[in-house]
Protein chains: 2
Amino acid sequence: MTITINDIAEKAGCSRSTVSRVLNNKGYVNEETRKRVEKVIKEYEYSPSATARSLSKKDSNTIGVIIPEADNDFFGEILKGISQVVDQNDMTLIFCDTDNNMGKQERALNMLKGQRVKGLILTPVNDYSDKESANRVRRQLDNLMVPVVILDRQMEYSQWDGVFFENFRGAYAGTEVLIKEGHKKIGIITGDLNLKIGRDRYRGYVQAMEDFDIPIQDQYIFEGNFSEEKAYDLMKECIESGNIPEAMLTCNNRTTLGFIRALREYKLNLGKDIAAIGIDRIKILDTLGYNFSYIERDTIEMGRTAMYRLLERFQNPNKNREISIMPFNIVLKGSEKLKATSKANNME
Amino acid sequence: MTITINDIAEKAGCSRSTVSRVLNNKGYVNEETRKRVEKVIKEYEYSPSATARSLSKKDSNTIGVIIPEADNDFFGEILKGISQVVDQNDMTLIFCDTDNNMGKQERALNMLKGQRVKGLILTPVNDYSDKESANRVRRQLDNLMVPVVILDRQMEYSQWDGVFFENFRGAYAGTEVLIKEGHKKIGIITGDLNLKIGRDRYRGYVQAMEDFDIPIQDQYIFEGNFSEEKAYDLMKECIESGNIPEAMLTCNNRTTLGFIRALREYKLNLGKDIAAIGIDRIKILDTLGYNFSYIERDTIEMGRTAMYRLLERFQNPNKNREISIMPFNIVLKGSEKLKATSKANNME
DNA sequence: GTGAAAGCGCTAACAG
DNA sequence: CTGTTAGCGCTTTCAC
């Protein structure tokens with residue numbers, strides 16, 4: 001049905017080896033025959049089967065990408081970045097969304113193994129219900145026998161290249177901003193402390209507080225899990241207790257949203273009733289002109305970087321393990337002096 | 001290097017046909033041999049090459065997805081929906097982001113042809129710089145020789161199945177809400193009128209106005225292009241002119257954002273100084289408790305539906321062309337009586 | 001310069 | 001029930 005290399009060879013009056021040569025621009029081939037073959041190829045709109053080609057070359061040109069939630073701005077941008085570089089390098093991207101579900105992640109890995117991908121970019125799920133599964137994932141990755149780049153969420157005890165955010169320093173910097181603004185009662189809504197990324201951010205906060213000799217008050221440590229819902233519940237509780245901190249650090253975009261939702265529900269004014277700084281940019285807040293200060297990273301670039309790491313690894317399989325740490329940027333939406341974290345907000 | 005079906009056959013002391021039979025659970029195979037083979041497979045963590053399998057079966061189990069912007073909530077959710085169904089059906093998803101660029105789209109189509117995908121879900125780019133390209137795309141799609149489902153952005157003169165939004169009726173309904181609220185001076189920031197989707201929404205507005213005998217005033221027709229920037233510019237201009245309508249219909253999520261940004265910049269209060277309703281939900285506005293009324297669709301379901309259409313087409317290649325129109329839902333954030341579109345907003 | 005032949009890993013008749 | 005054989009569409013020696 002579909003047209004094959006043999007068809008082209010026949011029409012062009014040569015062998016398929018010759019067609020293959022012009023296709024791959026490799027080996028000697030007479031200028032005239034080349035023209036002839038090329039003409040036939042164009043005429044029939046022939047496009048060689050990547051499948052057959054991979055099989056024959058034992059090399060696939062395909063990379064797998066596993067992310068936990070495509071419907072999250074953050075990962076949408078990551079995906080865009082990866083996709084750009086994949087495209088530039090004439091590769092193919094197989095996409096999997098795990099929904100943060102360990103079972104789906106295992107299936108995805110299995111599928112990608114079957115597809116014989118050439119490399120993998122993975123943001124592991126954060127499902128810790130099953131103690132065994134972390135090891136099982138590690139084994140699956142080994143079993144893949146191809147380079148892997150871990151993205152955003154650190155996997156412990158792994159030998160893979162990785163691209164991460166400066167979690168510790170980012171959180172430290174955010175906390176420092178609040179401190180320098182003169183606050184003492186500084187709280188934090190943490191991420192999931194089962195995740196290294198969550199712990200690192202928390203440690204950044206702790207370290208900053210210690211470095212500036214500000215006592216940490218347990219009542220202002222709110223242990224969240226990176227979800228909006230949890231952050232909302234925690235903040236609500238905090239507000240109802242009547243004992244709210246002067247300032248708050250929120251540990252990711254979802255957390256920030258839950259935090260703001262609670263404030264709004266209780267008619268508290270961000271920047272007046274409570275100061276705050278968050279990790280992650282929330283583009284729409286800027287668009288709306290809502291003054292919320294944050295620690296941002298270039299997410300699309302993060303995706304690109306992951307892909308670059310993979311390409312380098314293809315080039316040089318034996319090079320040392322490489323961890324890329326994406327820099328952060330402090331965006332203050334406060335007073336002119338950049339001292340206040342968030343000036344009073346009036347939506348409308 | 002990687003382990004093949006032959007290795008398994010050898011270890012299990014049988015022929016590769018037998019292994020193939022147990023792999024595919026097809027044909028007769030002795031219970032004992034089956035056990036033996038399965039054991040070896042598990043032991044070596046063997047996973048058959050999808051590549052070789054496709055080549056042999058002349059059938060790929062892979063579908064291609066081309067979307068214009070992964071870093072847009074809307075398409076993130078679409079992708080999630082598609083991915084869910086792909087996963088449920090043990091298929092593989094090849095992802096391409098065109099950046100709304102015609103050249104990239106052509107390359108993507110080419111690549112997918114080479115990959116011999118079994119089907120394609122496409123949201124065409126909206127780049128109209130080149131008159132020829134629309135035809136070229138149509139030819140490329142034909143040339144693919146596999147089922148295609150067009151998603152969200154209608155392609156004219158195409159024979160493919162499609163999944164779209166009720167553009168006309170959605171816009172009509174939104175306009176109707178504004179009319180029934182008692183407004184006469186009702187404006188619209190349209191989408192790109194080069195796109196059918198843009199024209200349909202505009203027509204919905206016009207029709208509603210006519211049906212209710214409200215004169216349409218040219219000064220209140222703002223021709224946008226679905227981008228936030230353009231909507232912002234238009235609204236800004238409108239405000240500066242000093243002649244703003246009583247109510248406004250904004251034709252997609254980006255447009256709504258530009259519109260709101262302009263209002264905020266000029267300290268106009270949505271719901272008080274101007275009423276409005278938009279097309280597309282903007283999740284974060286709800287999260288933040290910002291009262292903006294809108295016409296919504298279930299985006300994840302839209303993605304799923306596209307995939308269902310494809311699966312049905314695989315089942316029955318000759319069935320009639322099918323267009324799925326996703327229903328809409330009116331979400332009013334106004335008075336208790338659901339009359340007002342947006343009550344006065346105070347962000348904080 | 002070019003073709004013949006072998007092989008990539010798997011499936012699918014077809015014998016036995 | 002199982003093995004043999006012949007491909008699937010392409011690349012890659014290796015002669016000529």
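Each chain gets a letter, A, B and so on, in the order the sequences are listed, and its residues count up from 1. Computed from a predicted model, the values in this text were never measured in an experiment.
- Across A:I94 and A:M111, no two heavy atoms sit closer than the pair CG2-CE, 4.0 Å.
- Residue pairs satisfying the side chain to side chain donor-acceptor pair (under 3.5 Å) criterion with at least one member in residues 35-45 of chain B, sequence neighbours excluded, are listed as follows: A:R139-B:E45.
- Salt bridge present: B:K80 and A:D99 bring a charged side-chain N and a carboxylate O closer than 4.0 Å.
- Of the residues in residues 38-59 of chain B, those lying under 4.0 Å from DNA chain D by heavy-atom distance are B:L55, B:S56, B:K58.
- With A:D161 contributing its side chain and A:E322 its backbone, the two residues share a donor-acceptor pair below 3.5 Å.
- Panel note: side chain B:T299, backbone B:F74; no donor-acceptor pair is recorded below 3.5 Å.
- Using a 4.0 Å cut-off between charged nitrogen and carboxylate oxygen, B:D90 and A:R107 count as a salt-bridge pair.
- Judged by distance alone, the side chains of A:D97 and B:Q84 never bring a donor and an acceptor atom under 3.5 Å apart.
- Counting 5' to 3', DNA chain C first comes under 4.0 angstrom of a heavy atom of chain A and last does so at the ends given by C:dG1 to C:dG9.
- A heavy-atom distance below 4.0 Å to DNA chain D is reached by these residues of residues 8-26 of chain B, ordered by number: B:C14, B:S15, B:R16, B:S17, B:T18, B:R21.
- Checking A:S60 against A:Q115 by side-chain atom types alone, no donor-acceptor pair falls below 3.5 Å.
- Looking only at atom types and distance, the side chain of A:Q105 has no donor-acceptor partner in the side chain of A:N100 under 3.5 Å away.
- A search for side-chain hydrogen bond (donor to acceptor under 3.5 Å, both in side chains) contacts involving A:E312 returns A:R309, not counting sequence neighbours.
- Closest approach of B:I323 to B:F164, counting heavy atoms only: CG2-CD1, 3.6 Å.
- Checking B:R36 against A:I5, the closest nucleotide of DNA chain D that is more toward the 5' end is the one next to B:R36.
- Using five terminal pairs a side, the axes of the helix from C:dG1-D:dC16 to C:dG16-D:dC1 at its two ends make an angle of 40°, given in steps of 10 degrees.
- At least one side-chain heavy atom of A:I63 sits under 4.5 Å from a side-chain heavy atom of A:V86.
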